[in-house]
> 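The structure under discussion is supplied below as structure tokens; questions concerning it will follow.
Just so it is clear, the structure is predicted and the values come from calculations on it, not from any experiment.
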Amino acid sequence: MTFEQVKKMEQENIMPTYGRFQVALEKGKGAAAYDCAGKKYIDFGSGIGVNSLGYCDDGWVKAVTEQAAKLQHISNLYYNPVQTELAEKLCRASGYSKVFFGNSGAEANECAIKLARKYSADKYSEERSEIVTLQNSFHGRTVTTLAATGQDAFHQYFLPLTSGFAYADAHSIESVKNAITDKTCAVMLEFIQGEGGVVPLDVEFVKQVRALCNEKDILLIADEVQTGVGRTGAFYCWQNYGVKPDLITSAKGLGGGLPIGACLCSEKLGAVMGSGMHGSTFGGNPVVCAGAIEVVDRVSDPAFLSEVREKGEFLRGELLSMPNVADVRGMGMMLGVALEHGSAKDAAAECVENGLLILTAKTVLRLLPPLTITYDEMKEGLAVLKKVLEGMK
């Protein structure tokens, strides 16, 4: 089909919930995607951080197709050897004790919220159920994870949201202290606020939050949906901070392109949820788990993570040398580019026209390229971005 045919069919049949760029992608390999007319695009977004190994990676495709030909789905009423293998590898690589598998980051966050409340209800009372999150955060689009999200813009039209959340300033430990009451069971944060504009939290602030949680026996939950699985140059971002949460949530890059969510917990929380207290029809699907095993095996390799850090520093240096760039922030291959003038949204749209797929987050350009992107692919994409930024003077 042509682009116009695809666009017309989309408008006739799909709810208009996405502000789409004017391109229809048909295939891809590595960090390159191709549209219906065969035009090439270097991808600096990787499906919003999902295609961690790039498009159609040979090892990932082999793992997924072999599993699809063997067993595509079974109920979680039965043991699943592919799921259990992934669980063992993920727990070992992450440093956590137990995992629950769902289908998305929002589901992973829902699990973490339920687990925190159950732990506190068992140890204290059901009234100790409130969770403090941070202003400018993003935790998902379900009614509960919207409530956890500290951005009013996401709340509009969907009230009443789930109760039990309070919000604190992401840069003030005093604000966190003031938000905590005798009803608080957890603090939930992102080490880097991705949808909030690629804003890393201060290391000292995170350490203070951890100490406060320890003091008051409050759980610390880290939403690593976007920062996890190698994105920041560590397997999980908490390792960059030296602050280990009680719970972390994971999704996006974990499946390498197929939908998966994971909630990982420390040993003391491993038995909090009992049979029938939580579940998922599709969570831990064999085909998805086969792809995730390939991702975990490769991304958890220290040499691979070292390359991610090196590529991230290369990108940062090249971006800082470009015209119209005021600042570059983030870690590893999760970077935000603040412009001196002009709109990030307009710049991203012009990049697409010129063969580069790039994201935005609030007022910044956001880069989440495949972790396997080559230096030649990075240079090709950076050349397009530089041309666009020069034209915005």
Side-chain angles (χ1 to χ4, degrees), residues 94-100 105-106 108-140 144-150 161-193 196 201-225 227-228 236-250 262-274 277-278:
S94 66
Y96 283 85
S97 177
K98 294 286 194 301
V99 61
F100 173 86
N109 285 336
E110 290 263 1
C111 179
I113 290 165
K114 288 178 68 174
L115 200 159
R117 287 177 171 169
K118 173 66 165 52
Y119 171 79
S120 194
D122 289 346
K123 191 169 182 179
Y124 296 98
S125 76
E126 289 189 351
E127 292 184 357
R128 198 175 191 264
S129 60
E130 193 168 86
I131 295 174
V132 174
T133 69
L134 301 182
Q135 298 286 357
N136 200 46
S137 61
F138 181 83
H139 297 294
T144 295
T145 54
L146 276 178
T149 293
L161 300 176
T162 305
S163 61
F165 293 92
Y167 312 101
D169 186 338
H171 308 287
S172 167
I173 191 62
E174 291 304 317
S175 180
V176 176
K177 288 179 181 178
N178 292 336
I180 291 174
T181 70
D182 58 2
K183 293 183 179 180
T184 304
C185 69
V187 175
M188 186 175 190
L189 54 76
E190 304 156 280
F191 290 103
I192 303 175
Q193 296 183 323
L201 297 185
D202 180 73
V203 174
E204 187 56 33
F205 169 77
V206 174
K207 289 180 177 179
Q208 290 172 334
V209 172
R210 175 72 273 182
L212 183 62
C213 289
N214 291 345
E215 175 191 332
K216 297 183 177 292
D217 194 21
I218 292 170
L219 298 181
L220 178 61
I221 305 170
D223 179 338
E224 292 240 27
V225 168
T227 56
Y236 280 105
C237 193
W238 70 263
Q239 294 161 320
N240 292 321
Y241 280 75
V243 175
K244 188 174 183 180
D246 301 290
L247 288 155
I248 63 170
T249 59
S250 189
C263 176
L264 294 126
C265 69
S266 61
E267 187 174 357
K268 75 175 181 179
L269 302 174
V272 168
M273 297 278 234
M277 291 183 179
H278 199 48

> Partners of Leu161 by side chain to side chain contact (heavy atoms under 4.5 Å, CB included), sequence neighbours excluded?
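Applying side chain to side chain contact (heavy atoms under 4.5 Å, CB included) to Leu161 gives Val143, Leu146, Ala147, His155, Phe158, Leu159.
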
> Restricting to salt bridge (charged side-chain N to carboxylate O under 4.0 Å, His left out), what partner residues turn up for Asp217, sequence neighbours left out?
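For Asp217 the salt bridge (charged side-chain N to carboxylate O under 4.0 Å, His left out) partners, ignoring immediate neighbours, are Lys123.
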
> Would you mind reporting whether Arg128 and Ile218 have side-chain heavy atoms less than 4.5 Å apart?
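Yes. Closest side-chain heavy atoms under 4.5 Å.
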
> With Ala186, which residues qualify under side chain to side chain contact (heavy atoms under 4.5 Å, CB included), at least two apart?
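Only Ala116, Ile131, Leu219, Ile221 meet the side chain to side chain contact (heavy atoms under 4.5 Å, CB included) criterion with Ala186.
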
> Compare every heavy atom of Ala108 with every heavy atom of Cys263, then report the nearest pair and how far apart it is.
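That would be CB-O, 3.8 Å.
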
> Evaluate Leu264 against Glu224 for side-chain contact (heavy atoms from CB on, under 4.5 Å), listing each step before the verdict.
CA-CA 10 Å; Leu264 294 126; Glu224 292 240 27; over 6 Å; no

> Would you kindly check if the NZ (Lys) or CZ (Arg) of Arg210 is within the cone defined by 45 degrees around the ring axis of Phe191 and under 6.0 Å from the six-membered ring centre?
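Cation-pi check for Arg210 and Phe191: fails.
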
> How long is the gap from CG on Leu115 to CZ on Phe100, to the nearest 0.5 Å?
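Going from CG on Leu115 over to CZ on Phe100, the span is 10.5 Å.
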
> Where do Cys185 and Glu130 land on the side-chain contact (heavy atoms from CB on, under 4.5 Å) test, with the steps shown first?
CA-CA 6 Å; Cys185 69; Glu130 193 168 86; over 6 Å; no

> Among residues at least two apart in sequence or on other chains, which ones pass side chain to side chain contact (heavy atoms under 4.5 Å, CB included) with Glu126?
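In terms of side chain to side chain contact (heavy atoms under 4.5 Å, CB included), with neighbours along the sequence ignored, Glu126 is linked to Ala121.
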
> Minimum heavy-atom separation for Ala148 and Thr133, please, with both atom names.
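Closest pair (atom of Ala148, atom of Thr133, distance): O-OG1, 2.8 Å.
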
> Do Tyr241 and Leu201 have side chains that get closer than 4.5 Å, going by heavy atoms?
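With C-beta onward as the side chain, the pair touches.
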
> Are Gln193 and Asn136 close enough that a side-chain donor and a side-chain acceptor fall under 3.5 Å?
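Yes, a side-chain donor-acceptor pair sits under 3.5 Å.
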
> Does Ser120 reach the main-chain N or O of Arg117 with its side chain, forming a donor-acceptor pair under 3.5 Å?
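Answer holds: no.
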
> Would you mind reporting whether Val132 and Phe165 have side-chain heavy atoms less than 4.5 Å apart?
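No. Closest side-chain heavy atoms not under 4.5 Å.
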
> Let me confirm one number: the CG-CG distance from Asp223 to Leu134, rounded to the nearest 0.5 Å.
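Here the interatomic distance stands at 11.0 Å.
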
> Would you call Asn178 and Ser175 a side-chain contact if the rule is heavy atoms closer than 4.5 Å?
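Side-chain contact under 4.5 Å: no.
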
> Ignoring hydrogens and geometry beyond distance, is a side-chain donor-acceptor pair present between Asn109 and Thr145 at under 3.5 Å?
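Their side chains do not contain a donor-acceptor pair, so the 3.5 Å distance test is not met.
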
> Are Ile180 and Val187 side-chain neighbours, meaning at least one heavy-atom pair lies under 4.5 Å?
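Ile180 reaches Val187 side chain to side chain.
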
> Please round to the nearest 0.5 Å and tell me the distance separating atom CE of Met277 and atom NZ of Lys118.
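Between Met277 CE and Lys118 NZ, I get 4.0 Å after rounding to 0.5 Å.
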
> State, with a plain yes or no, whether a side-chain heavy atom of Val209 is found less than 4.5 Å away from one of Ile173.
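Yes, their side chains come closer than 4.5 Å.
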
> Taking the six-membered ring for Trp, are Phe205 and His171 ring centroids under 6.0 Å apart?
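Aromatic pair excluded; centres sit 6.0 Å or further apart.
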
> Relative to the ring of Tyr96, is the ring of Trp238 parallel (under 30°), tilted (30 to 60°) or perpendicular (over 60°)?
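Rings of Trp238 and Tyr96: perpendicular, over 60°.
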
> Sequence neighbours excluded, which residues qualify as side chain to side chain contact (heavy atoms under 4.5 Å, CB included) partners of Gln239?
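Result, side chain to side chain contact (heavy atoms under 4.5 Å, CB included) vs Gln239: Ala234, Phe235, Tyr236.
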
> Would you call Leu247 and Leu220 a side-chain contact if the rule is heavy atoms closer than 4.5 Å?
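Contact flag for Leu247/Leu220 side chains = no.
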
> With a 4.5 Å heavy-atom cut-off, do Lys177 and Leu212 have their side chains touching?
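Yes, close enough: below the 4.5 Å cut-off.
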
> Give me each pair satisfying salt bridge (charged side-chain N to carboxylate O under 4.0 Å, His left out) with a member in residues 180-191, each pair once, sequence neighbours excluded.
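Not a single pair qualifies under salt bridge (charged side-chain N to carboxylate O under 4.0 Å, His left out).
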
> Looking at every non-hydrogen atom in both residues, tell me the closest pair between Leu189 and His139 and how far apart they are.
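Looking at all heavy atoms of both residues, the shortest contact is C-CE1, 4.4 Å.
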
